[in-house]
Amino acid sequence: MTAPTRSLLVADARTKARNRAEARFRAYGLAAILLSVTLLGILLVSILSNGLSAFRQTEIAIPVTLDAALVDKGGKGDPASLRATSATAYGKLIAKALKDELARRSIPTGGLSDKDIAALISEQAGADLRNRVLGDPRLVGQTVTVDGLATGRIDGYFKGRVTLESAEKDSKIKPEQLHLADAMRDAGMMALRFNSGFLTNPDASEKRPEAAGLGVAIVGSLYMMIVVLGLSLPIGVAAAVYLEEFAPKNRFTDLIEVNIANLAAVPSIVFGILGLAAFINFAGLPRSAPLVGGLVLTLMTLPRIIIPARAALKAVPPSIRDAALGIGASRMQSVFHHVLPLAAPGILTGMIIGLAQALGETAPLLLIGMVAFVRDMPGLPPGGFLDPATALPVQVYNWTQRADPAFTERASGAIIVLLAFLLIMNAAAILLRRRFERRW
Amino acid sequence: MKDHLERRMTTTDLNRMTARNVQVYYGQNHALKDVDVDILDKTVTAFIGPSGCGKSTFLRCLNRMNDTIQGASVEGQILLEGEDIYDRRVDPVQLRAKVGMVFQKPNPFPKSVYDNVAYGPRIHGLARSKAELDQIVESSLRRAALWNEVKDRLTAPGTGLSGGQQQRLCIARAVATNPEVLLMDEPCSALDPIATAQVEELIDELRANFSVVIVTHSMQQAARVSQKTAFFHLGHLVEYGDTTQIFTKPRDPRTEAYITGRIG
Amino acid sequence: MSISLFLLLLLALAAAAYVAGRARAEMVAGGDIRRLHSLPRQHGLNLAIAFALPALVGYAAWRMAGAGGGLWSTLLILALGAASALAVWLALKPETRARNEVEAATKLFLIACSVIAVATTIGIFLSLIFETIAFFQKYPAAKFLFGTKWAPDFRGGSDLGVIPLLWGTLYVSAIALAVAVPVGLFAAIYMSEYASPRVRALAKPAIELLAGIPTIVYGLFALITVGPMLRDWIAQPLGFGTSGASVATAGLVMGVMIIPFVSSLSDDIINAVPQSLRDGSLGLGATPSETIRQVVLPAALPGIVGAVLLAASRAIGETMIVVLGAGAAAKLSLNPFEAMTTMTVKIVSQLTGDTDFAAPETLVAFALGLTLFLITLALNILALVIVRKYREQYE
């Protein structure tokens, strides 16, 4: 009954083949991980390379004389009469100033018409100058330096998106205009600067991508997060405490548990339909309001908060509860005085991660009208919760639907802002976990 | 108990495994110190000692199961048939086919009884045909004294058997690769007394073909089934010798203290 | 009176009730609070709740009935609360069990919060079912369920067959799963069975990072990177089509999105397989990969099936990636490089912009939503049941 003794020191053919299969299998696993990490890298590089340029914007510096006869036709110098002058009039003023400045610096315009020269400057420049004057009427009559936005095509030229070849085929820009832009850059009139307006300006129309910013979207997202935090933290914790600490084991509790697990997996767009039907059509709340967005996101986020909160409560050992009950505390007291504080770091970590998910959610917000074109900043809370606004991820979607390629850059830039917020939130969650997590 | 031990003294003197100067470390922790043991052919060797004394650790060195634990390292020499099992050329996969193992808790795979037993022969390529595999499965189950109980339900899941049957299934599974040494890590600790008696009887029968090493908490069990006994204490091999001698005339005071129940 | 003003007033009066309750408790204790059953602040809380609860319920009921908001009615409601608080105040004795009352109210609040989950599900169901019924009154259900043409026209005479949308949804999801399941599973296997603690500490967060990225980011990635790449490198040279948006684009990107989902679920499930089974196999001389393929994976199979079902549900309900990556044309085609569309895309397109809630072209979105909800609900429940059974097996 003794098997033919083979030496252990020599691997037989079968063992060698098995070890090769082992190495292959292991390599598949490693390849899967490397593939995932590489894809993550490609994704980030793609977004960064497309979007970083959104944080810089081409500006044209022109001295403009604010002739009182032109900007203050009423001649009273009060805001009411200043308001009568339209942004277009300011635009003409800037266009003329640009022409004069080019002549003064004797920069050759290459036979471009006045209209083509004026087209280097964004239509937004006139509106910006008007706002500046309205804010400070004493400027009337003075000569100010206007840092006007260049149009999207010129901006694209300096960022490499527009080339001389592409301009040949483009009805919106001529190669001569690009040559002029080069000359102006060399003369120091035109340069790429940090684009602070990208973070503060509201959205802009199809024709002026250079002026579009994330201001309203950031405020809208912030308002929604306040609503989500204010509602889902107390409700989520209360539900988790009840289910983990008080709920009897019966069919009703079981139903709630299955419900929560299922809700966590319901497609987010379904919550959008719920929001549209329940909050807008039934309750009559306004469309595009951060309050409605916040309510929808709260319902969506709740199960994703309750589940980790329950896990955190479960991790607190029963001995802690027994200790509190043993000295005569009620169950409610043992939970609120001892168990909940111990579970708080875990609950907060789950809360932050839930908020981060809510911040990035897009689909349900599309259905409750957050895609609208909103130029005005929402007011201060609580009234501002009902003013129309957009949200960061929705703004991204919005910009992808525009024809001008300059908006693609903006969309990627908006993603960078969104990811930066998410990174901060997740880092906070990780820090919290590292700092306070205890193993029993 | 003495008669019982005398009756069983039928040891051959052929060395299957030799361990010399074995040290085991778990990270910084020096878990086993200077262990020298011989595992004889066709003999049941029992490792006894209080919990945490290192007896299971040493058992797991004999088929390099410690390799699967992070941070464990083994020094010294362990020979199987004169070959160092910790030699760099040795593939633990081949080694474990020769030194089989049965664990504390019955751990049948969630497969049929047949597939459980056929698992080892299949991965090691021991059968050339289905008929041969059937034959190996049957003989292994017979050796594990399980054949009569399961021959009609070979396709039923192994996890559906009773605890004692599961452990005998695991023994059949280990026997099926035809190992030279069979390691058993407290094989009866999860079983009731009747199942324990069946497994103990089985161990005695297995001695006819294999050399068996059994780790046990129970001194009575060691006395009932083994011919050689090694007593471990705090990472040291305190005493190794004939079971009769260990239980009747222990040389070391610590051994005596343990078998009389003063430490443990 | 506006809601916020009412709430402010309520809060102020409740605070007053708290102070009154405390004072009264201390008074009846006669300076020795050991004579009280409950602490003075518990009496205070009890009184505050006795005031606020009826007032809140009354106000909510009043509002629901469509009335309210007037100054007098609000004052009436506040008076109701005050009456209730006064009754408690008068009845306050040393042996009054204020703590138990407060705890009962707290528990009621906890239960109400848990029930919100059920209410949400009911709300979803109701909001879908009513509009779907309205849709089926204007458009035959059979034509919706079995129609193979999707051509909405707001002037009337639309074809609103769900089949092409369902096909697009399933096609994209299938590609996504074909990418995510093998990669995610192998990543999970490597992570739980092979990786050293250091590799695990690096790779696990990296993969989880993929899960934390919002879907709009993947959508944009599909739109500006993957779509053009597939079109220029594969579809056009091989003559499969000229569209950047395609089933393949959306499917691949969605697959990347689901990888971490599959891998983290599978990781949990593989870790739940008892170590004793691995030991048993390794102890017989099996290699780690033989152990994984022949013992661990078969043991973990139900759990992994559950994970794949959850991933499928996720893929079917995904919106932004398909909105930006798959296209808008409803088509029944096998060519993966052609633009097709899904149910979620059409829900978005029918419900954004100017919508007329009487037109079947708008209402169809609710029928699509109901279809989507029921499909994902079935998958989720099936998966949850399977995973739960699996976990119980090893607990």
Side-chain angles (χ1 to χ4, degrees), chain A residues 18-19 21-22 25-26 28-30 32-33 35-37 39-40 43 46-47 50 235 238-239 241-243 246 255-256 258-263 265-267 269-270 273-274 276-278 281 299 302-303 330 332 356 360 362-363 366-367 371 382 393 396-397 400 408 411-412 415 418 422 426, chain C residues 4 99 103 106-107 109-111 113-118 120-121 123-124 127-128 131 183 186-187 189-191 194 203 206-207 209-210 212 214-217 220-221 223-225 256 259 287-289 310 313-314 317 319-320 324 344 347-348 351-352 357 366 369 372-373 376-377 380-381 384:
Chain A
R18 286 171 62 202
N19 283 336
E22 169 69 26
F25 189 80
R26 214 182 148 128
Y28 294 149
L30 195 58
I33 293 204
L35 182 69
S36 313
V37 174
L39 287 169
L40 176 67
L43 176 79
S46 148
I47 298 292
N50 275 299
I235 297 178
V241 164
Y242 178 71
L243 291 174
F246 294 103
L255 177 77
I256 296 179
V258 171
N259 234 299
I260 290 174
N262 177 55
L263 275 182
V266 164
I269 190 153
V270 172
I273 300 181
L274 170 69
L276 177 65
N281 287 358
L299 292 182
L302 264 179
S330 68
M332 199 63 84
T362 321
L366 298 180
L367 301 191
V371 270
V396 175
Y397 166 75
T400 60
T408 308
S412 300
I415 293 267
L418 179 62
L422 292 181
N426 280 303
Chain C
S4 40
R99 199 196 68 222
E103 289 184 354
T106 313
K107 197 160 170 185
F109 171 72
L110 296 184
I111 293 176
C113 288
S114 321
V115 170
I116 286 184
V118 182
T120 308
T121 306
I124 289 175
S127 58
L128 290 171
E131 305 286 8
V183 177
F186 266 110
I189 287 171
Y190 190 86
M191 213 77 98
Y194 288 113
I207 292 182
L209 205 62
L210 274 171
T215 57
I216 181 77
V217 181
L220 192 71
F221 182 55
L223 181 75
I224 65 179
T225 310
V256 177
I259 288 173
T287 63
S289 71
L310 278 180
S313 151
R314 180 96 172 234
T319 309
M320 293 324 292
L324 293 175
T344 48
I347 293 174
V348 170
L351 284 182
T352 47
F357 283 93
F366 291 91
L372 183 68
F373 181 65
T376 52
L377 183 75
N380 294 344
I381 298 221
L384 290 173

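Because the structure is a prediction, the values reported are computed rather than measured. Labels below follow one simple rule: chain letters A, B, ... track the order of the sequence lines, proteins then strands, and each chain is numbered from 1.
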- Message: Within this structure, what is the OH-CD1 distance for the pair Tyr242(A) and Ile256(A), rounded to the nearest 0.5 Å?
- Response: 6.5 Å
- Answer with side chain, backbone, both or neither: which region of Asn262(A) has an atom nearer than 4.5 Å to a non-hydrogen atom of chain C? both
- Message: Out of Leu384(C), Ile111(C), Thr225(C), return the one with the most heavy atom pairs under 4.5 angstrom to chain A.
- Response: Ile111(C)
- With a 4.5 Å heavy-atom cut-off, do Ser289(C) and Arg26(A) have their side chains touching? no
- chain A shares the most heavy-atom pairs under 4.5 Å, among Ile259(C), Leu220(C), Thr376(C), with Leu220(C)
- Item | Options Pro288(C), Gly212(C), Ala203(C), ranked by heavy-atom pairs under 4.5 Å with chain A, top entry | Pro288(C)
- When rounded to the nearest 0.5 angstrom, what is the spacing between OG in Ser46(A) and CG in Leu39(A)? 11.5 Å
- Check the angle between the aromatic planes of Tyr190(C) and Tyr194(C) and answer parallel, tilted or perpendicular using the 30° and 60° thresholds. tilted
- Message: Students often mix this up, so state it plainly: with edges at 30° and 60°, are the rings of Phe186(C) and Tyr28(A) parallel, tilted or perpendicular?
- Response: perpendicular
- Proximity breakdown for Ile189(C) and chain A, heavy-atom pairs closer than 4.5 Å: side chain
- Query: Where does Pro303(A) contact chain C at under 4.5 Å (heavy atoms): side chain, backbone, both or neither?
  - Reply: neither
- Please look at Leu128(C) and chain A and tell me whether the side chain, the backbone, both or neither of the residue comes under 4.5 angstrom of a heavy atom of that chain. side chain
- Does some side-chain heavy atom of Ile415(A) sit less than 4.5 Å from a side-chain heavy atom of Phe221(C)? no
- Message: Taking side chain as everything from C-beta outward and backbone as N, CA, C, O, which of these in Leu324(C) sits under 4.5 Å from a heavy atom of chain A? Side chain, backbone, both or neither.
- Response: side chain
- Honestly, the part of Leu263(A) sitting under 4.5 Å from a heavy atom of chain C is side chain
- Query: Looking at Ile381(C), Leu377(C), Val115(C), Thr215(C), which has the largest count of heavy-atom pairs under 4.5 Å with chain A?
  - Reply: Leu377(C)
- Note on the structure: Taking every heavy atom of Thr287(C) against every heavy atom of Arg18(A), the minimum-distance pair comes out as N-NH2, 3.8 Å
- Sort Ile47(A) into side chain, backbone, both or neither according to what part of it lies under 4.5 angstrom from a heavy atom of chain C. side chain
- Give, for atom OG1 of Thr352(C) and atom OH of Tyr397(A), the distance between the pair rounded to the nearest 0.5 Å. 5.5 Å
- Contacting moiety of Ile124(C), where chain A heavy atoms sit under 4.5 Å: both
- Task: Name the region of Ser36(A), side chain, backbone, both or neither, that has any atom closer than 4.5 Å to a heavy atom of chain C.
- Result: both
- Where on Ala356(A) is there a heavy atom nearer than 4.5 Å to chain C: the side chain, the backbone, both, or neither? neither
- Hey, could you give me the CD/CG distance between Glu131(C) and Leu276(A), rounded to the nearest 0.5 Å? 8.0 Å
- Any side-chain heavy-atom pair from Thr120(C) and Leu302(A) closer than 4.5 angstrom? no
- Query: Pick from Thr408(A), Leu367(A), Ile33(A): which one has the most heavy-atom pairs with chain C under 4.5 Å?
  - Reply: Ile33(A)
- CZ of Phe357(C) to CG of Leu351(C), rounded to nearest 0.5 Å, is 6.0 Å
- Less than 4.5 Å apart, any side-chain heavy atom of Asn380(C) and any of Leu310(C)? yes
- Note on the structure: From the list Val396(A), Leu30(A), Val266(A), the residue making the most non-hydrogen contacts under 4.5 Å with chain C is Leu30(A)
- Note on the structure: Most contact-rich option vs chain C, by heavy-atom pairs under 4.5 angstrom, among Asn19(A), Ile260(A), Ile273(A), Val270(A), is Ile273(A)
- Structural part of Leu35(A) lying under 4.5 Å from a heavy atom of chain C: side chain
- Top residue by heavy-atom pair count (under 4.5 Å) with chain C, among Ala261(A), Ala277(A), Ala265(A), Ala21(A)? Ala265(A)
- Note on the structure: Max heavy-atom pairs within cutoff under 4.5 Å with chain C, candidates Val241(A), Val37(A), Ile235(A), goes to Ile235(A)
- Ranked by heavy-atom pairs below 4.5 Å to chain A, first place among Leu223(C), Ile207(C), Ile347(C), Thr344(C) goes to Ile347(C)
- Item | Heavy-atom contact with chain C under 4.5 Å, split by part of Leu40(A) | both
- Message: Within the structure provided, determine whether Leu418(A) and Pro393(A) are in side-chain contact (heavy-atom separation under 4.5 Å).
- Response: yes
- From the list Arg99(C), Met191(C), Arg314(C), the residue making the most non-hydrogen contacts under 4.5 Å with chain A is Arg99(C)
- When the 4.5 angstrom heavy-atom criterion is applied to Leu43(A) and chain C, the contacting part is both
- If every non-hydrogen atom of Glu103(C) is compared with every non-hydrogen atom of Met332(A), which pair is closest and at what distance? O-CE, 3.2 Å
